[in-house]
Amino acid sequence: MAMLTRTRFLAGLVALALAGPLPAPAAEAPTVFAAASLKNALDEIAGTYAKEGKPAPRISYAASNTLAKQIEQGAPADLFFSADLDWMDYLAKKDLIRPDTRVSLLANSIVLIAPKDSKAEVTMGPGLDLASALGSGRLAMGNVEAVPAGKYGKAALEKLGGWAGVKDTIAQAESVRAALLLVSRGEAPLGIVYATDAAADANVRIVATFPADSHPAIVYPVAITKDSRNPDAAALLTYLRGPAAKAAFEKQGFTVLSRPATAAQ
């Protein structure tokens with residue numbers, strides 16, 4: 001019996017030798033925490049990245065404030081892609097990103113939207129009056145104290161004199177995409193979202209665009225988190241700054257701010 005067992009063991013070793021070396025374990029995909037407004041562009045970029053034989057990034061979408069707080073609480077993200085500078089600064093002050101990897105990558109604009117069949121018209125400018133266009137409805141926005149799109153929207157309404165007329169009729173959403181959905185479903189007659197969000201939903205139309213000087217510049221920074229140990233995080237960041245990603249971002253209506261990355265960077 002012992003001889004038979006030894007024979008089977010030796011036979012197994014021979015079979016392993018003939019089969020060749022075991023394949024190396026697949027590289028672990030980097031995890032990206034990204035602002036909800038980036039979903040369409042980043043989903044496309046992740047697909048092309050994977051087609052090039054690289055580990056497809058795992059992307060978690062939410063409002064930038066939610067993601068920053070999750071990273072602060074120890075959530076395992078490799079990259080943070082924020083919809084404003086404030087939440088990236090928040091993590092930077094807490095030493096939770098690698099400052100040498102931080103890049104201000106994209107710009108955007110905010111717009112007033114309505115359901116596609118709505119006849120609402122609004123004159124954009126000083127003395128902005130949204131109350132009459134809203135009627136008994138509510139204005140959909142991201143949370144005006146935390147969600148970047150909501151903060152930009154509130155700043156614009158204050159600058160144009162329209163905040164006092166709508167501040168008590170706002171449907172504050174947990175993210176800009178949630179605000180978009182309220183208008184898309186017809187649950188709110190008007191909403192404030194990014195131009196790129198409006199372009200991504202055929203069920204809404206742009207009523208007016210807020211002047212660029214009515215709110216802080218809308219800048220999307222990205223950085224590797226301090227605790228990232230994924231060797232592919234830097235390669236993914238370089239890819240996000242490269243020509244393939246640039247085309248995807250511009251397709252969705254973003255303005256790419258930084259120069260393309262090279263392999264040497």
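Just so you know, these numbers come straight off a predicted model, no measurement behind them. Numbers here simply count residues along the sequence, with the first being 1.
Within the 3.5 Å criterion, the main-chain N or O of Arg98 finds a donor-acceptor partner in the side chain of Thr101. No side-chain donor-acceptor contact under 3.5 Å links Arg58 to the backbone of Ala56. In this structure, the side chain of Asn143 engages the main chain of Ala146 through a donor-acceptor pair within 3.5 Å.
Evaluation of the side chain to side chain donor-acceptor pair (under 3.5 Å) test over residues 203-214, restricted to residues two or more places apart or in two chains, returns none. Within the structure, side chain to side chain donor-acceptor pair (under 3.5 Å) contacts touching residues 160-180 (residues at least two apart or in different chains) are Asn40-Arg177, Arg177-Asp197. Note on residues 179-207: pairs passing ring-ring contact (aromatic ring centres under 6.0 Å, His included), not counting sequence neighbours, are Tyr194-Tyr220.
For the pair Ser104/Leu85, a side-chain contact is recorded, criterion being any heavy-atom separation below 4.5 Å from C-beta on. Between Val183 and Pro115, the closest side-chain pair of non-hydrogen atoms falls below 4.5 Å. Counting heavy atoms from C-beta on, the side chains of Leu105 and Phe81 come closer than 4.5 Å. Put simply, the side chain of Asn65 reaches to within 4.5 Å of the side chain of Pro148, judged on heavy atoms. In this structure, the side chains of Leu130 and Leu157 come closer than 4.5 Å at one or more pairs of heavy atoms. Counting only heavy atoms from C-beta outward, the side chains of Asp84 and Lys151 approach each other to under 4.5 Å. Using a 4.5 Å cut-off on side-chain heavy atoms (C-beta onward), Gln252 and Glu44 make contact. Taking the side chain as every heavy atom from C-beta outward, Asn108 and Thr255 never approach each other to under 4.5 Å.
Both Val207 and Tyr152 belong to a common hydrophobic cluster when Ile, Leu, Val, Met, Phe, Trp and Tyr are linked at side-chain heavy-atom distances under 4.5 angstrom. Taking hydrophobic clusters as Ile, Leu, Val, Met, Phe, Trp and Tyr residues chained together by side-chain heavy-atom distances below 4.5 Å, Val193 does not share a cluster with Leu182. Leu181 and Leu134 are members of different hydrophobic clusters when ILVMFWY side chains are connected at heavy-atom separations under 4.5 Å. Hydrophobic clustering places Phe254 together with Leu237 (ILVMFWY residues linked when any side-chain heavy atoms are closer than 4.5 Å, directly or through intermediates).
Between Ile113 and Ala198, the closest heavy-atom pair is CG2-CB, 3.8 Å. Smallest separation of non-hydrogen atoms from Pro57 and Ala46: CG-CB, 3.8 Å. Closest non-hydrogen pair, Ala188 versus Ala140, comes out as CB-CB, 4.0 Å. Across every non-hydrogen atom of Ala77 and Thr225, the tightest pair is O-OG1, 2.6 Å. For the residue pair Asp78 and Ala233, the shortest heavy atom distance occurs at CB-CB, 4.2 Å. Nearest heavy atoms, Ala34 versus Ile59: CB-CG2, 4.0 Å.
Distance check: Arg102 CZ to Ile224 CD1 gives 14.0 Å after rounding to the nearest 0.5 Å. Between atom CG of residue Leu42 and atom CG of residue Leu240 there is a gap of 6.5 Å, rounded to the nearest 0.5 Å. Here the OG1-CG distance, from Thr196 to Asp201, works out to 12.0 Å after rounding to the nearest 0.5 Å. Here the CD1 atom belonging to Ile170 is positioned 12.0 Å from the CG atom belonging to Leu190, to the nearest 0.5 angstrom. Leu106 CG to Phe249 CZ: the interatomic distance, rounded to the nearest 0.5 Å, is 5.0 Å. Taken to the nearest 0.5 Å, the OG1 atom of Thr31 stands 9.5 Å off from the CG atom of Leu79.
Considering only residues two or more places apart in sequence or on other chains, Tyr61 meets the ring pair (Phe, Tyr, Trp, His ring centres under 6.0 Å) condition with none of them. Here Lys159 pairs with nothing under the side-chain hydrogen bond (donor to acceptor under 3.5 Å, both in side chains) rule; sequence neighbours left out.
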**OP:** Check the pair Ile192 / Val111 against side chain to side chain contact (heavy atoms under 4.5 Å, CB included), numbers first and verdict last.
**Re:** CA-CA 6 Å; Ile192 298 176; Val111 296; over 6 Å; no
**OP:** Please lay out, stage by stage, how Glu145 and Lys154 fare under the test salt bridge (charged side-chain N to carboxylate O under 4.0 Å, His left out).
**Re:** CA-CA 9 Å; Glu145 301 301 329; Lys154 180 183 178 182; 3.1 Å; yes
Subject >> Evaluation steps, side chain to side chain contact (heavy atoms under 4.5 Å, CB included), between Ile206 and Leu112 >> reply: CA-CA 6 Å; Ile206 295 176; Leu112 183 69; over 6 Å; no
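Inspection of the Asp232 and Tyr49 side chains reveals an N or O donor paired with an N or O acceptor under 3.5 Å.
Counting non-hydrogen atoms of neighbouring residues, nucleotides and ligands closer than 6.0 angstrom, the NZ atom of Lys226 reaches no more than 12 such neighbours.
When hydrophobic residues (I, L, V, M, F, W, Y) are linked wherever their side-chain heavy atoms come within less than 4.5 Å, the members clustered with Leu96 are Phe33, Leu67, Ile71, Phe80, Trp87, Met88, Tyr90, Leu91, Ile97.
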